[in-house]
Number of protein chains: 2
Amino acid sequence: MTGEDVTDYEMITATHAVLALLSPRWAVPVLYTLAGGTRRYSELLYEVGEISKKTLTQTLRSLEHHGLVDRRVDPDLPARVEYSLTPLGWSLTEPLMALYEWAATQLSGAGSRPRRLAA
Amino acid sequence: MTGEDVTDYEMITATHAVLALLSPRWAVPVLYTLAGGTRRYSELLYEVGEISKKTLTQTLRSLEHHGLVDRRVDPDLPARVEYSLTPLGWSLTEPLMALYEWAATQLSGAGSRPRRLAA
DNA sequence: CTGTATCCAGTAGGATACTG
DNA sequence: CAGTATCCTACTGGATACAG
């Protein structure tokens with residue numbers, strides 16, 4: 001750990017940056033829904049869960065701003081906007097999967113392990 | 001992420017459970033500090049960053065309750081309490097590292113700046 | 001349909017003082 | 001030293017109404 005250019009501080013802030021991006025309550029559900037394919041705004045509103053329009057918009061804007069989600073507007077009326085994962089968004093599903101695998105292991109184990117992460 | 005046997009619901013809830021555990025502002029810094037070795041309460045208070053005692057205690061209690069951190073009390077006076085990572089805690093550093101790697105390579109300029117009051 | 005504007009409640013977390 | 005108790009502020013996100 002000595003002599004490294006990557007400081008602990010960087011390590012912590014970078015990790016925290018990802019977590020800050022993913023921790024808003026609906027970020028992961030939205031990402032996961034989009035991992036199922038392109039969705040329209042109203043479809044997300046319905047499929048993601050009990051999310052408000054304001055929050056859905058905020059979540060999408062945040063993900064879009066960080067380059068994880070692509071927003072496509074169809075100029076025709078009535079308005080039609082489609083959201084999809086960018087390559088960057090797809091690349092995030094890997095470490096996200098690693099996190100899920102870890103959680104799954106602790107949750108179900110092989111039957112003998114105590115449950116640790118009951119939500 | 002497609003073609004998996006697990007249900008979407010499981011995937012989302014399990015992932016969200018981990019994120020909920022790690023997203024509190026100081027969870028990762030505390031874990032990371034402990035990854036550097038056993039620390040006493042006062043050492044954490046100083047090393048982790050600008051964290052209040054209340055929040056440090058809350059964070060430690062949460063991590064301890066989920067089995068990631070071990071708490072050891074030395075009955076001698078003055079009180080001396082040592083915290084360390086459990087094997088489960090150590091196992092989490094792997095997916096956490098994966099997340100960091102992703103942030104480091106994909107999320108350029110990921111440094112999070114503390115938000116200030118908007119006038 | 002796809003948002004934005006406004007109001008509001010619940011909560012995370014800081015400051016401080018006090019306890020064993 | 002290692003917390004707990006209390007108070008307080010800021011931010012998140014829901015509900016509703018309005019707009020393009």
Side-chain angles (χ1 to χ4, degrees), chain A residues 12-13 16-31 33-34 38-66 69-84 119, chain B residues 12-13 16-31 33-34 37-66 69-84 112-119:
Chain A
I12 293 180
T13 51
H16 187 263
V18 194
L19 291 172
L21 182 61
L22 298 178
S23 55
R25 214 195 149 205
W26 297 103
V28 170
V30 164
L31 282 177
T33 301
L34 289 179
T38 297
R39 293 287 189 281
R40 295 180 56 185
Y41 184 84
S42 54
E43 292 174 330
L44 286 174
L45 203 53
Y46 175 74
E47 290 180 39
V48 168
E50 294 295 314
I51 185 177
S52 68
K53 288 194 294 181
K54 175 189 171 186
T55 303
L56 175 58
T57 298
Q58 284 179 346
T59 302
L60 286 170
R61 291 285 184 277
S62 171
L63 296 175
E64 183 193 0
H65 180 255
H66 286 80
V69 162
D70 182 51
R71 178 174 181 270
R72 252 174 204 144
V73 183
D74 182 335
D76 294 346
L77 292 182
R80 180 191 184 90
V81 183
E82 293 188 330
Y83 292 90
S84 58
Chain B
I12 293 181
T13 51
H16 187 264
V18 194
L19 291 172
L21 182 60
L22 299 179
S23 55
R25 215 194 153 227
W26 297 103
V28 170
V30 164
L31 282 177
T33 302
L34 289 179
T38 297
R39 293 287 188 282
R40 297 179 55 183
Y41 184 83
S42 54
E43 292 175 330
L44 286 173
L45 202 55
Y46 176 74
E47 290 181 39
V48 167
E50 294 295 313
I51 185 177
S52 68
K53 288 195 292 182
K54 176 188 171 186
T55 302
L56 175 58
T57 299
Q58 283 179 346
T59 302
L60 286 169
R61 291 285 183 278
S62 169
L63 296 175
E64 182 193 2
H65 179 255
H66 287 353
V69 162
D70 180 53
R71 179 174 181 270
R72 247 172 209 147
V73 184
D74 181 336
D76 295 346
L77 292 184
R80 180 191 185 90
V81 182
E82 293 188 330
Y83 293 89
S84 58
S112 58
R113 303 182 178 287
R115 297 181 56 179
R116 293 283 179 182
L117 284 176

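Numbers restart at 1 for each chain; the letters A, B, ... are given by sequence-line order, proteins then strands.
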A.B. asks: Using a 4.0 Å heavy-atom cut-off, write out nucleotides 15-20 of chain D from 5' to 3' as B (base contacted by protein), S (sugar-phosphate only) or - (no contact).
C.D. replies: B-B---
A.B. asks: Hey, could you give me the OG/CG distance between S23(B) and L21(A), rounded to the nearest 0.5 Å?
C.D. replies: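 Atom-to-atom, S23(B):OG and L21(A):CG are 12.0 Å apart.
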A.B. asks: Considering only heavy atoms of chain A and a distance under 4.0 Å, specify the first and last nucleotide of DNA chain C in 5' to 3' order that meet this criterion.
C.D. replies: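 Listed 5' to 3', the contact boundaries are dC1(C) to dC7(C).
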A.B. asks: Which nucleotide sits closest to the side chain of Y83(B): dG13(D), dG3(D), dC1(D)?
C.D. replies: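 Given the options dG13(D), dG3(D), dC1(D), the side chain of Y83(B) is closest to dG3(D).
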A.B. asks: Hey, are the side chains of T38(A) and E82(A) touching, using non-hydrogen atoms and a 4.5 Å cut-off?
C.D. replies: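 Side-chain contact under 4.5 Å: yes.
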A.B. asks: Please list, chain by chain and in numerical order, all residues satisfying side chain to side chain donor-acceptor pair (under 3.5 Å) with T55(B), sequence neighbours excluded.
C.D. replies: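 Partners of T55(B) under the side chain to side chain donor-acceptor pair (under 3.5 Å) test: S52(B).
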A.B. asks: Between the two ends of the helix from dC1(C)-dG20(D) to dG20(C)-dC1(D), what is the bend in degrees, rounded to 10 degrees, where each end axis spans five pairs?
C.D. replies: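 Rounded to the nearest 10 degrees, the bend comes out at 40°.
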A.B. asks: How many whole angstroms separate atom CZ of R25(A) from atom P of dG13(D)?
C.D. replies: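 So the two atoms are 9 Å apart, to the nearest Å.
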A.B. asks: How long is the span from the CG atom in D70(B) to the CG atom in L34(B), to the nearest 0.5 Å?
C.D. replies: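 D70(B) atom CG to L34(B) atom CG measures 10.5 Å (nearest 0.5 Å).
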A.B. asks: Which heavy atom in A27(B) sits nearest to a heavy atom in L63(B), and how many Å separate them?
C.D. replies: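 In terms of heavy atoms, the two residues are closest at O-CD1, 4.2 Å.
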A.B. asks: Check side chain to side chain contact (heavy atoms under 4.5 Å, CB included) between V81(A) and all other residues, then give those that pass, not counting sequence neighbours.
C.D. replies: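 Side chain to side chain contact (heavy atoms under 4.5 Å, CB included) check on V81(A) returns R71(A), V73(A), Y83(A).
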A.B. asks: Test: salt bridge (Lys or Arg N to Asp or Glu O under 4.0 Å). Region: residues 39-60 of chain B. Which pairs qualify, not counting sequence neighbours?
C.D. replies: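 Sorted result for residues 39-60 of chain B: R39(B)-E47(B).
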A.B. asks: Who pairs with R25(A) by side chain to side chain donor-acceptor pair (under 3.5 Å), at least two apart in sequence or on another chain?
C.D. replies: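 Partners of R25(A) under the side chain to side chain donor-acceptor pair (under 3.5 Å) test: none.
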A.B. asks: Just jot down the salt bridge (charged side-chain N to carboxylate O under 4.0 Å, His left out) partners of R61(B), sequence neighbours excluded, or say none.
C.D. replies: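 If we apply the salt bridge (charged side-chain N to carboxylate O under 4.0 Å, His left out) test to R61(B), skipping adjacent residues, there are no hits.
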A.B. asks: Do any of residues 55-62 of chain B sit with a heavy atom less than 4.0 Å from DNA chain D, and if so which?
C.D. replies: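 Residues of residues 55-62 of chain B under 4.0 Å from DNA chain D: T57(B), R61(B).
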A.B. asks: Tell me, with the steps shown, if S62(A) and H66(A) meet side-chain contact (heavy atoms from CB on, under 4.5 Å).
C.D. replies: CA-CA 6 Å; S62(A) 171; H66(A) 286 80; 4.0 Å; yes
A.B. asks: Can you tell me how far the CH2 atom of W26(B) sits from the CD1 atom of I12(A), to the nearest 0.5 Å?
C.D. replies: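 Taking CH2 in W26(B) and CD1 in I12(A), the distance rounds to 8.5 Å.
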A.B. asks: L56(A): which residues meet the side chain to side chain contact (heavy atoms under 4.5 Å, CB included) condition with it, sequence neighbours left out?
C.D. replies: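 By the side chain to side chain contact (heavy atoms under 4.5 Å, CB included) rule, L56(A) matches V30(A), Y41(A), L44(A), L45(A), I51(A), L60(A).
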